Amino acid sequence: METVKSLEDIEKLETNRVVGHPEMNKSQITFKGHNNVLYCEGNVKLDNAKFTFNGNNSLVYLSSAMNSKYSFNLVIYNESTFFIGREANMSSPININIQENQNVIIGTDVTISSGVNIRTADIYPIYDNQTKERINFAKSVFIGDHVWIGHLAYISRGAQIGSGTIIENNSFVPHNARIISNSIAMGNPVRIERTNVFYTTNFLAHNRSEASLDTKDYKSDVFIYKFVNQETLSMDKIDQILKSLDIDSRLEFIQKLFVRNKRANRFTIK
């Protein structure tokens, strides 16, 4: 087992890698397997974060976050990938659990509120009485760009959430759910409450009455997402490709498709 609590510990790693120089405050990275990679872009700050690699050949990619810190608990097992895009706004505690060779992909400019749980699998298998066949297979989770996930939401295995979506507080997104872009989803299980909406990240709490009046409308279409051929990506195809690649090829694929590709409609669901 290898443990990283400071930048000095990174230099001592023998069978795993941390790429980059994350700023670490009360954070810990634990490697219980081998050939795992934590890749950190510049300006990555870990604050009360706990990452546990419980297997082999898994990749965690943290994008730059100039104005925020990564404060979440991540448990990842074998042959899996976790990616989060730039400028994520996260409020601890957040728990992300990636099991059974699955992936979690989260886009740019997301807001993940406190108490959120994201899982690719249930802890135990469930079988049908008659057929004796398993009915709760693991599946990867995809969350698009500029998504707002509310307090205490639960994102289950196989969920796909399109860019511009709002998941309300205390909502349960069930397995294999597809939530269309620019919608509000709420409930247990979630239902689409309203479509054709968008939000901005202008913080409202300190507003006086005149400032609130300034938010009565918003002229730009920048947060409206559309399906565009040759631009919108297939989440299922991405998942298949990631599962076919070794860890270094996954890193190259992520940098090409998610980091250098800044097309606005890449994660649209309609």
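Counting begins at 1 with the first residue of the sequence. Any value given below was found using the heavy atoms of this structure, including those in side chains, with hydrogens, waters and symmetry copies removed. These numbers were taken from a predicted model, which means no experiment stands behind them.
For the atom pair CD1 of I184 and CD1 of I166, the computed distance is 4.5 Å after rounding to the nearest 0.5 Å. To the nearest 0.5 Å, atoms CD1 (I224) and CG (N265) are separated by 10.5 Å. Between the CZ atom in R17 and the CG atom in L59 there is a gap of 9.0 Å [rounded to 0.5 Å]. Distance OG/S171 to CG/N188: 8.0 Å, rounded to 0.5 Å. The structure places OG of S80 at 10.0 Å from CG of N97, a figure rounded to the nearest 0.5 Å.
Linking ILVMFWY residues whenever their side-chain heavy atoms come closer than 4.5 Å, directly or via other members, places I76 and I94 in the same cluster. Each of I96 and F142 belongs to its own hydrophobic cluster when Ile, Leu, Val, Met, Phe, Trp and Tyr are linked at side-chain heavy-atom distances under 4.5 angstrom. Linking ILVMFWY residues whenever their side-chain heavy atoms come closer than 4.5 Å, directly or via other members, leaves Y77 and V37 in distinct clusters. Transitive grouping of hydrophobic side chains (ILVMFWY, heavy atoms separated by less than 4.5 Å) brings L74 and L13 into a common cluster. In the hydrophobic clustering of this structure, L7 groups with L38; members are Ile, Leu, Val, Met, Phe, Trp, Tyr whose side-chain heavy atoms approach within less than 4.5 Å, directly or through other members.
Taking each heavy atom of I10 and P22 in turn, the nearest pair found is CD1-CD, 4.2 Å. In plain terms, the two heavy atoms of S156 and P174 that are nearest each other are CB-C, 3.8 Å. Here the closest non-hydrogen pair linking T165 and N182 is OG1-N, 3.8 Å. Minimum interatomic distance between L245 and R250 (heavy atoms only, all atoms of both residues): O-NE, 3.4 Å. Of all heavy-atom pairs spanning S181 and S163, the tightest one is CB-O, 2.9 Å. In plain terms, the two heavy atoms of S64 and N43 that are nearest each other are OG-CB, 3.7 Å.
Residue pairs meeting the side-chain hydrogen bond (donor to acceptor under 3.5 Å, both in side chains) criterion with at least one member in residues 136-146, sequence neighbours excluded, are Q102-S140, D109-H146, D122-N136, R134-N136, S140-D239, D145-R266.
Side-chain atoms of S114 and P93, non-hydrogen and from C-beta on, do get closer than 4.5 Å to each other. You'll find the side chain of V60 reaches within 4.5 Å of the side chain of F53, heavy atoms only. Residues L152 and N169 have side chains not in contact (no heavy-atom distance under 4.5 Å, counting atoms from C-beta outward). Using a 4.5 Å heavy-atom threshold, the side chains of I149 and V173 count as separate. A 4.5 Å side-chain heavy-atom check between F31 and I29 finds at least one atom pair inside the cut-off. No side-chain heavy atom of N89 sits under 4.5 Å from any side-chain heavy atom of T201. Residues F51 and L46 are in side-chain contact: their nearest non-hydrogen atoms beyond the backbone lie under 4.5 Å apart. Looking at heavy atoms from C-beta onward, K270 lies out of side-chain contact with T232 at the 4.5 angstrom threshold.
K243 NZ: more than 12 foreign heavy atoms inside a 6.0 Å radius. Counting heavy atoms of neighbouring residues, nucleotides and ligands inside a 6.0 Å radius, atom NZ of K69 does not exceed 12 of them. Within 6.0 Å of NZ on K226 lie no more than 12 heavy atoms contributed by other residues, nucleotides or ligands. For K262, the NZ atom sits in a packed shell: over 12 heavy atoms of surrounding residues, nucleotides or ligands are nearer than 6.0 Å.
Using the six-membered ring where Trp is involved, W148 and Y199 have ring planes that are tilted, between 30° and 60° apart.
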I98 vs N103, test: side-chain contact (heavy atoms from CB on, under 4.5 Å). Steps then yes/no.
CA-CA 7 Å; I98 307 175; N103 307 304; 5.8 Å; no
How far apart are the C-alpha atoms of M90 and S71, what are their side-chain angles, what is the distance that settles it, and do they pass the side-chain contact (heavy atoms from CB on, under 4.5 Å) test?
CA-CA 7 Å; M90 310 179 84; S71 302; 5.7 Å; no
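Remark: D246 engages S249 in a side chain to side chain donor-acceptor pair (under 3.5 Å) (not counting sequence neighbours). For the side chain to side chain donor-acceptor pair (under 3.5 Å) test, no residue two or more places apart in sequence or in another chain qualifies with R194. For D9, the salt bridge (Lys or Arg N to Asp or Glu O under 4.0 Å) partners at least two apart in sequence or on another chain are K12.
Among the candidates V147, I155, I269, V190, the single residue satisfying the side-chain contact (heavy atoms from CB on, under 4.5 Å) test with I179 is V190. A side-chain contact (heavy atoms from CB on, under 4.5 Å) with M24 is found for exactly one of D47, V44, V4, namely V4.
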Under 3.5 Å, sequence neighbours excluded: what are the donor-acceptor pairs made by side chains of residues 251-261?
unit_1, atom_1, unit_2, atom_2, d
Q255, NE2, Y39, OH, 3.3
N261, OD1, R263, N, 3.1
N261, ND2, L257, O, 3.2

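Side chains of E23 and N25: no donor on one and acceptor on the other come within 3.5 Å. Looking only at atom types and distance, the side chain of N56 has no donor-acceptor partner in the side chain of N35 under 3.5 Å away. Side-chain atoms of D236 and Q160 form a donor-acceptor pair, as typed in the model, at a separation below 3.5 Å. A donor-acceptor pair shorter than 3.5 Å cannot be found between the side chains of E79 and N101.
Checked against the 6.0 Å centroid criterion, the rings of F72 and F82 qualify as a close aromatic pair.
As a member of the Ile/Leu/Val/Met/Phe/Trp/Tyr network built from side-chain separations under 4.5 Å, F227 groups with nothing else and remains a singleton.
Remark: R157 does not engage E100 in a salt bridge, criterion side-chain N to carboxylate O under 4.0 Å.
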